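Below: one structure, written as structure tokens.
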Amino acid sequence: MGFVFGMMGLSCWKVLAVFSYSFAVFSWVEIVKAGPAVLEGSLLIDGVGAIGSIDDDFVCATLDWWPPEKCDYGTCSWDHASLLNLDLSNKILLNAITAFSPLKIRLGGTLQDKVTYEAEDGQQPCLSFKKDTSQMFGFTPGCLPMIRWDQLNAFFKKTGAKIIFGLNALTGRKIQSDGSAAGAWDYSNAESLIRYTVKKNYSIFAWELGNELSGSGVGTRVSAGQYASDTISLHNTVLDIYKDIEPKPLIISPGGFFDAAWFEELVDKATSSIDVVTHHIYNLGPGVDEHLIEKILDPNVLNNVVNTFRDLQNILKSSKTKAVAWVGESGGAYNSGRNLVSNAFVYSFWYLDQLGMASTYNTKTYCRQSLIGGNYGLLSTTFVPNPDYYSALLWHRLMGKHVLSASFSGSKNLRTYAHCAKPSKGVVLLLINIDGNTTVQAQVTFNSHRHSIHSHHQRHRKGSHKSRATATQLPRNYREGITREEYHLTAKDGNLHSQTVLLNGKELNVNDFGEIPALEPIHVKATDQVTMAPFSIAFVHFSSTILPACG
């Protein structure tokens, strides 16, 4: 409860310390009210109908190929986080993945399109990546040994993870003088890997084609028409190899940055051969930027990818495809992020806002770059969970499939999202207070009538609707001892650069056995206002609120 310490002073803290932890957490709201600046407002949840839906296993994280020699701006932040050298025996790593039950993990990244897969006969040498600044992305091609593939799959089976494997989409192509990659994809090596995987009875949730080759590309690019043809080739190959196996893996493409015309052509031409359309997001700019925190705390910057979500949603809606949208990779700040920013508490403002925003536009899965590696890992390279790990785990456990419209009348600095609850009936709110000087008190109201008003957010998405009913507050029986659950996240000592997060005032740390700590809520009277400390995040679960959208 670092920020509380600063507000109350040492003497008050000592007095509080003599009381039990249960009293302290039940007093959370009262303590926060001691803050100097308080803003009150109304928070409206429209429960008439869902505005979107997500996968049950919406949260996804990536594992990359970068070797220890990968450096950005003079800092080498990857250590042994590569798929080729990650310590699969680490207990924290095992427990961190298992805690999600399941976690989607995407295997891929920049060097994905320079990876070959060792043939079973072993006649060709299987060499590791070597640093070479004369080559694209600064490394020579590398190889995935089948013994390592065996080890990875044994580990994934233990964790229960769902694996998305990103295939090399550049094999067979030639780089032209204009920087484009011409020619059809040679899928023979990929086919060899897929056949080996099936023969070994390894479970792969999805096969994804290529990394950041869409639009203008990164390093090189492939035309949308050719990419559609190659996606069809992957689809047909997978159908053949998995012909007697159900369920079949998903086919995912293109794993690149959104370009509306390019994506529209891909979707129109690949149509029934593609299950998921993935795009990447690094909307905060380069990791070297010294103003990342200002960007994260700026609502206009947070909103700068709304058009991408909306435009992709519209492309899918207007086409004949049944494909859905995923964010296949997102690290906020590119080139490995920034130490003590993208691995610190402040990043949860950006990250959770992204999860909430993506959900409202029917994005089914969101893959964080990375699970481990760089300065933006959910885990540090010593396997210690960073604050965003706990943010991701709370989202995964609380936020259900159906997305509701949520709007706050008081300030644009309180970011608000709502879902039907995952663990039970009810509603869960995600509140993000990016104002460091103001405590926010929000009175929650619900629309539960089919002729009720729509929030500004829904009007923007679905057209204007006139108000024919006012929102209602919680039912009267809430006054008789009914409580809600709250999970408040704050930075240790109020320091946004802190890599330690507090849940309801208590530090979250793994124990000596590498076990992930329990994430316990506090209980607050359901009719009370929700009180948000400056620079804080809260998940609020109204378990007894039944809305039409949540069944």
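What you see is a predicted model; the values in this text were computed from it and never measured. These numbers come from the heavy atoms of this one structure, side chains and all, not from hydrogens, waters or symmetry mates.
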Side chain of [X], backbone of [Y]: donor and acceptor closer than 3.5 Å?
X      : Y      : answer
Glu118 : Met146 : yes
Ser229 : Gly225 : no
His280 : Gly255 : yes
Arg148 : Leu83  : yes
Lys158 : Leu94  : no
Asn335 : Gly287 : no
Thr363 : Ala358 : yes
His497 : Leu340 : yes
Gln369 : Cys367 : no
Ser180 : Gln176 : no

Are side-chain heavy atoms of [X] and [Y] found at a separation under 4.5 Å?
X      : Y      : value
Phe129 : Trp65  : yes
Gln354 : Leu302 : no
Ile372 : Leu63  : yes
Asp244 : Val198 : no
Thr220 : Leu213 : yes
Leu93  : Leu371 : yes
Leu429 : Phe539 : no
Asp55  : Lys401 : no

TODO: Specify the closest pair of heavy atoms between Pro385 and Ile516, including all atoms of both residues, with the distance to one decimal.
DONE: CG-CD1, 4.3 Å
Task: Nearest non-hydrogen partners of Ala344 and Gln499, listed with the distance - done: CA-CG, 4.3 Å
Tell me if the [atom1] atom of [X] is crowded by more than 12 foreign heavy atoms within 6.0 Å.
X      : atom1 : value
Lys131 : NZ    : yes
Lys422 : NZ    : yes
Phe257 : CZ    : yes
Ile147 : CD1   : no

Ring centroid separation [X] to [Y] under 6.0 Å:
X      : Y      : result
Trp149 : Tyr196 : no
Tyr347 : Tyr376 : no
Phe100 : Tyr389 : yes
Trp66  : His80  : no

Open item on the list: Which residue is it: Thr308, Leu316, Asn314? I am looking for the one with a side-chain contact (heavy atoms from CB on, under 4.5 Å) to Leu312.
Closed with: Leu316
- [ ] Please name the residue in the list Leu502, Leu394, Ile432 that meets the side-chain contact (heavy atoms from CB on, under 4.5 Å) test with Leu489.
- [x] Leu394
Is the closest side-chain donor-acceptor distance between [X] and [Y] under 3.5 Å?
X      : Y      : value
Asn168 : Gln112 : no
Ser348 : Asp388 : yes
Tyr390 : Trp395 : no
Asn343 : Asn386 : no
Thr365 : Lys104 : yes
Trp185 : Thr171 : yes
Ser53  : Lys364 : yes
Asp64  : Ser370 : no
Tyr202 : Asp150 : yes
Ser380 : Thr382 : yes
Tyr282 : Glu329 : yes

Open item on the list: Nearest 0.5 Å, please: how far is CG in Leu144 from CG in Leu152?
Closed with: 7.0 Å
TODO: Give the C-alpha distance, both sets of side-chain angles, the deciding distance and a yes or no for salt bridge (charged side-chain N to carboxylate O under 4.0 Å, His left out) between Asp113 and Arg173.
DONE: CA-CA 11 Å; Asp113 292 313; Arg173 308 189 203 272; over 6 Å; no
Open item on the list: Can you tell me which residue among Thr231, Thr278, Asp275 is in a side-chain hydrogen bond (donor to acceptor under 3.5 Å, both in side chains) with Ser253?
Closed with: Thr231
Task: Cation-pi, Tyr351 ring and Arg368 (6.0 angstrom, 45 degrees) - done: yes
TODO: Check the pair Lys199 / Glu120 against salt bridge (charged side-chain N to carboxylate O under 4.0 Å, His left out), numbers first and verdict last.
DONE: CA-CA 12 Å; Lys199 186 178 78 171; Glu120 277 195 83; 2.5 Å; yes
Open item on the list: Between Arg338 and Asp289 (salt bridge meaning N to carboxylate O under 4.0 Å), is one present in this structure?
Closed with: no
Open item on the list: Could you check whether Lys91 pairs with Asp512 (Lys NZ or Arg NE/NH1/NH2 to Asp/Glu carboxylate O, under 4.0 Å)?
Closed with: no
